[in-house]
Structures are given as C-alpha cells and as structure tokens.
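Everything on this sheet refers to the single structure shown next.
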Amino acid sequence: MGYRRRDARPRLALWMLVALGDVVLLLVSVGMPAFVALLSVVTVAVCGVAAWRLSRRPALAREDAPVVAPAMSRRRA
C-alpha cells in the first residue's frame, strides 16, 4: 500500500548529473578552462529549471478554476 504516498514531483536524477558532468568534461577536453565550463553548464541548467518552473506556475496556481478529479481517483464509501 505504499503507492498512495509516492512523491510524484520531478527530481534531478543521477543520470542528469552524469550527463552534465560529461558536458563539462567535453568542454574541458576541447580547451575551455574547467571553471568556465562548469560555470556555463550550471548556468544553463539553472536557467532551464527556472524557465520550466515559471512555465508551469500559472497552470498550478489558478484559484478560480474548478478542481476536477478523475473518476477513478475518487474513493468509494
């Protein structure tokens, strides 16, 4: 019965961190300084997360919209 408490929020997965590290290593191998490569990858990732969160905000924060629950999620008495 643990499925009821599952957290469905998106998380930064381990494979995403590995991919960002690979991008940093690739930029360093091309000749870019390590600090600049790390700073640029982190900046792009933070901007992407901020844009994603700002794009989802109006859909989540509507107060005048009625709340509609799917028929299968309603509990039976």
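L25 meets the side-chain contact (heavy atoms from CB on, under 4.5 Å) test with no other residue; sequence neighbours excluded. By the side-chain contact (heavy atoms from CB on, under 4.5 Å) test, L27 is found to be paired with V23, M32, A37, S40, V41, residues two or more places apart in sequence or in another chain being considered.
Under a 4.5 Å side-chain heavy-atom cut-off, the cluster of Ile, Leu, Val, Met, Phe, Trp and Tyr residues that includes V30 has no other member.
In the hydrophobic clustering of ILVMFWY residues, with side-chain heavy atoms under 4.5 Å counting as a link, L26 and L38 come out apart. Residues V42 and V36 fall within the same hydrophobic cluster, defined by Ile, Leu, Val, Met, Phe, Trp and Tyr side chains chained together at heavy-atom separations under 4.5 Å.
Note that the CG atom of D22 and the CH2 atom of W15 stand 12.0 Å from one another [nearest 0.5 Å].
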